[in-house]
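So the structure is just underneath, and the comments pick up after that.
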2 protein chains.
Amino acid sequence: MTAAAVARLSQGGAVTSAPRSRHTEVPRAPGAAELAHARLKTLILDNALPPGAQRLESELALQLGLSRTPVREALVRLQQEGLVEITPRHGMRVQPIAAADMREIYEVLNSLEPTAAELLARRPDPAAGLERLDAACAAMEQALAAQDRRAWAAADEAFHLGLVELCGNRRLAGMVMQVWDQSHRARMFTLHQRPLPARSTAEHRRVLDAIAAGEAERARELYHRHRRRSGAELVSLIERSGVAWL
Amino acid sequence: MTAAAVARLSQGGAVTSAPRSRHTEVPRAPGAAELAHARLKTLILDNALPPGAQRLESELALQLGLSRTPVREALVRLQQEGLVEITPRHGMRVQPIAAADMREIYEVLNSLEPTAAELLARRPDPAAGLERLDAACAAMEQALAAQDRRAWAAADEAFHLGLVELCGNRRLAGMVMQVWDQSHRARMFTLHQRPLPARSTAEHRRVLDAIAAGEAERARELYHRHRRRSGAELVSLIERSGVAWL
DNA sequence: GAATTCTTTTGCGTATGCATTGTTGACGGT
DNA sequence: ACCGTCAACAATGCATACGCAAAAGAATTC
C-alpha cells in the first residue's frame with residue numbers, strides 16, 4: 001500500500017513531466033510502457049516479486065496483459081534504477097539487497113540528505129512551505145505513541161521524500177528517491193526487529209526545527225548524526241540477522 | 001576524443017557488468033542497443049548533437065544503420081541519464097544545460113565527492129592504490145605548465161572519476177559520473193574562458209595528500225572547499241556569459 | 001555409470017507492420 | 001486580415017514475426 005504510494009512519488013519526481021502544450025493540462029494517456037513500469041515497481045517494492053525472483057519477459061507480458069515490447073522497456077528502466085537485473089537467458093531477476101548494498105546506500109543518503117536539509121534551511125524564508133514535513137513529524141509522533149510501526153515507516157518515508165522534494169534540487173531528489181526505493185524492502189523487513197524508533201522521531205523533529213530556524217549548519221549536522229546512527233543500526237541488524245538475501 | 005573515453009568509463013561503471021560465466025572472460029557481443037547507446041552518448045558529449053537538437057527515431061536509426069527498436073531502447077536509457085528528453089511527436093531532444101542545472105549539479109557533486117574522499121581516506125591502508133590519482137595530478141601539473149587547457153580538463157576528469165571509482169561505493173560512483181556527464185559540455189564550453197586553473201591543480205594535490213595520510217576529515221573539507229570555489233566560479237561564468245542554452 | 005556430444009527446445013534481440021494520435025497546413029467564415 | 005475548424009499526413013508506441021544462440025536433455029560411447 002504505502003510502497004505503491006512511494007512508487008508513484010518516485011517516478012512522479014523522476015519522470016520530469018512532459019512539456020505541456022498551450023494551456024491544456026491534460027495528463028495524457030498513461031501508455032502501456034509506463035504502466036508496466038509502475039506496475040512492476042509496486043510489485044517489487046511490495047515484495048510480491050521477492051528478491052532473487054526470476055521471471056521471463058513473456059511471463060510478465062502475459063501477466064500484465066501486454067506484449068513484450070513495453071515490458072522490455074519497463075525492465076530497462078527498472079534495471080537502470082537498480083531494482084532488477086536483466087540476465088540474457090533467464091529473463092529478469094529482482095536485485096537482492098545485501099549488507100554491503102545497505103552500507104553503500106546509507107553512505108549516499110548520509111551524504112545527500114544533510115545537504116538537502118542545509119539547502120532547505122538556506123532558502124530566503126526557511127520556515128515557509130514546511131507543512132508537509134511538520135505533518136509527517138506529527139504522524140510519526142502519533143504512530144510512535146500508538147506503537148504502530150507500519151504507520152511510523154510511512155511517515156518516515158513521507159518526511160524524507162518531502163525533504164528532498166522541497167530542497168529545490170531535482171537531481172538530488174531523484175538520486176535520493178532511487179536509493180530509497182532500493183532499500184525499501186530492507187527497511188520493511190527490519191521494521192519489526194528494531195526497538196521502537198523513539199529517538200529517530202525526536203531527531204526528525206529537531207532537524208525540522210533547525211531548518212525552520214534557518215540554522216543550515218546545525219540542520220546538516222543533526223541530519224548527519226541521525227542518518228549515521230540509524231544507518232549503522234540497520235546495517236548491523238541485517239548483518240546480525242544473517243540474511244544474505246539470496 | 002576525451003569525451004568518448006569518458007562515455008566508456010561512465011557506462012562501464014553504470015552498466016554494472018554482465019554476470020561472468022565460468023572462467024571465460026569473453027565480453028559477449030556488444031549488442032545493437034548497447035552500441036547505439038554508446039554511439040549516441042559520444043555524439044552528445046562531443047557536441048556533435050548540440051543541446052536542443054531534435055532528431056527523429058527513424059533518422060537516428062538510419063544514421064546508425066539499425067532499426068528503430070535498439071535506437072529506442074538507447075534513447076530510453078539516455079533519457080534516464082538526463083541527457084535527452086523524449087518528446088512524443090518530435091523524436092528526441094538533447095537536453096540543454098542552463099545555469100540552474102549547473103547549480104544543481106554542483107550541489108550534488110559538492111555533496112558526494114567530499115564523501116568519496118572521506119571514504120577513500122578511511123580505508124585500512126589509505127595510501128594504497130592511489131597511483132591513478134597521483135598520475136592524474138601529475139598530468140594536471142604538467143598540462144598547467146604547458147598551458148594546455150584541453151589536457152588539463154582531461155586530467156581533471158581522470159582525477160575525479162578515479163576518485164569515485166576507488167572509493168568502493170558503486171552507487172555513489174554511478175551518480176557522480178551521471179551528473180559529470182551531464183555537465184561535460186558546459187565544462188568544455190567554459191574551458192577557454194577561465195583563468196588557468198593553477199589553484200585547482202594545487203588543491204587537487206592537497207586533497208590527494210590528505211587522503212594518502214588518512215586524514216579523512218581534512219580530505220573531505222579540502223575537497224568541499226575546492227568544489228565550492230570551482231563550482232561557484234563556473235556557475236557565475238555561465239550566468240554572466242548569458243548563454244541561456246536554448 | 002559417467003561423461004561428452006549432438007539435438008532440441010526455448011527465450012531473446014532485432015526488425016517490421018499497424019493503429020493511434022498529434023501536428024501542420026489549408027480553407028472557410030466572421 | 002485573422003481565427004477557428006477540419007482533414008491529410010507523419011511519427012510514435014505497441015504488437016508480432018523471425019533468426020540466433022544458449023541451455024537443457026537425450027543418446028551414445030568409454
Side-chain angles (χ1 to χ4, degrees), chain A residues 11 14-41 49 52-80 84-95, chain B residues 11 15-40 49 52-80 84-95:
Chain A
Q11 53 183 348
V15 152
T16 248
S17 81
R20 291 280 125 261
S21 67
R22 296 284 167 189
H23 41 83
T24 59
E25 191 58 55
V26 47
R28 161 173 90 190
E34 202 159 341
L35 194 140
H37 176 73
R39 199 87 183 72
L40 288 174
K41 192 164 179 175
L49 284 173
Q54 301 203 0
R55 309 282 160 177
L56 299 176
E57 288 183 1
S58 1
E59 288 182 60
L60 296 173
L62 187 67
Q63 180 177 345
L64 299 178
L66 299 166
S67 90
R68 276 179 47 217
T69 311
V71 172
R72 185 174 176 75
E73 181 170 330
L75 289 180
V76 168
R77 287 175 60 183
L78 289 172
Q79 181 178 41
Q80 282 211 314
V84 309
E85 183 189 11
I86 297 180
T87 80
R89 286 283 146 184
H90 303 88
M92 143 227 109
R93 190 184 65 146
V94 178
Q95 202 82 332
Chain B
Q11 53 183 349
V15 152
T16 241
S17 82
R20 294 276 129 262
S21 66
R22 294 286 167 188
H23 40 85
T24 59
E25 192 57 54
V26 47
R28 159 173 96 193
E34 201 159 341
L35 194 139
H37 175 72
R39 202 81 185 76
L40 288 175
L49 284 173
Q54 301 203 359
R55 309 275 174 215
L56 298 175
E57 289 182 2
S58 2
E59 290 182 59
L60 296 173
L62 187 67
Q63 180 177 346
L64 299 177
L66 299 167
S67 93
R68 278 176 44 219
T69 311
V71 172
R72 184 172 178 74
E73 182 169 329
L75 288 181
V76 168
R77 287 175 61 182
L78 289 171
Q79 181 177 40
Q80 281 211 315
V84 309
E85 183 188 12
I86 296 180
T87 79
R89 290 285 151 180
H90 303 276
M92 144 228 108
R93 191 184 64 145
V94 179
Q95 203 81 333

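Letters go in sequence order (proteins before strands), and every chain restarts at 1.
- Distance from the side chain of A:Leu56 is smallest to C:dC12 among C:dC12, D:dA15, D:dA23.
- B:Thr69 has its side chain out of reach of A:Thr69: every pair of non-hydrogen atoms, C-beta onward, lies at least 4.5 Å apart.
- Smallest separation of non-hydrogen atoms from B:Gly91 and B:Leu56: N-CD2, 3.9 Å.
- Contact of B:Arg68 with D:dG13 (side chain to base): a donor-acceptor pair of N or O atoms is detected under 3.5 Å.
- Taking atom NE2 of residue A:His37 and atom C1' of nucleotide D:dG13, one finds them 17 Å apart after rounding to whole Å.
- At whole-Å resolution of the value, CD in A:Glu73 and C1' in D:dA15 are 14 Å apart.
- Atom CG in A:Leu35 sits about 14 Å away from atom C1' in D:dG13, given to the nearest Å.
- Contact record, B:Ala74 with B:Ala33: CB-O, 4.0 Å, taken as the closest heavy-atom pair.
- Look at CZ on A:Arg55: it is 16 Å from C1' on C:dG11, rounded to the nearest Å.
- Take the nearest nucleotide of DNA chain D for A:Leu66 and for A:Arg89: the residue whose nucleotide is more 5' is A:Leu66.
- Atom CZ of B:Arg68 is separated from atom CG of B:Leu75 by 10.5 Å, given to the nearest 0.5 angstrom.
- Distance, B:Leu64 CG to C:dA15 P: 11 Å, rounded to whole Å.
- Computed from coordinates, the A:Ile86 CD1 to C:dT14 P distance equals 12 Å when rounded to whole Å.
- Under 3.5 Å, the side chain of A:Thr69 and the base of D:dA15 form at least one donor-acceptor pair of N or O atoms.
- The CD-P distance, from B:Glu34 to C:dC12, rounds to 17 Å in whole Å.
- Atom CD of B:Gln54 and atom P of D:dA11 are 13 Å apart (whole Å).
- Picking from D:dG13, C:dA15, D:dA21 the nucleotide with the shortest atom distance to the side chain of B:Arg72 gives D:dG13.
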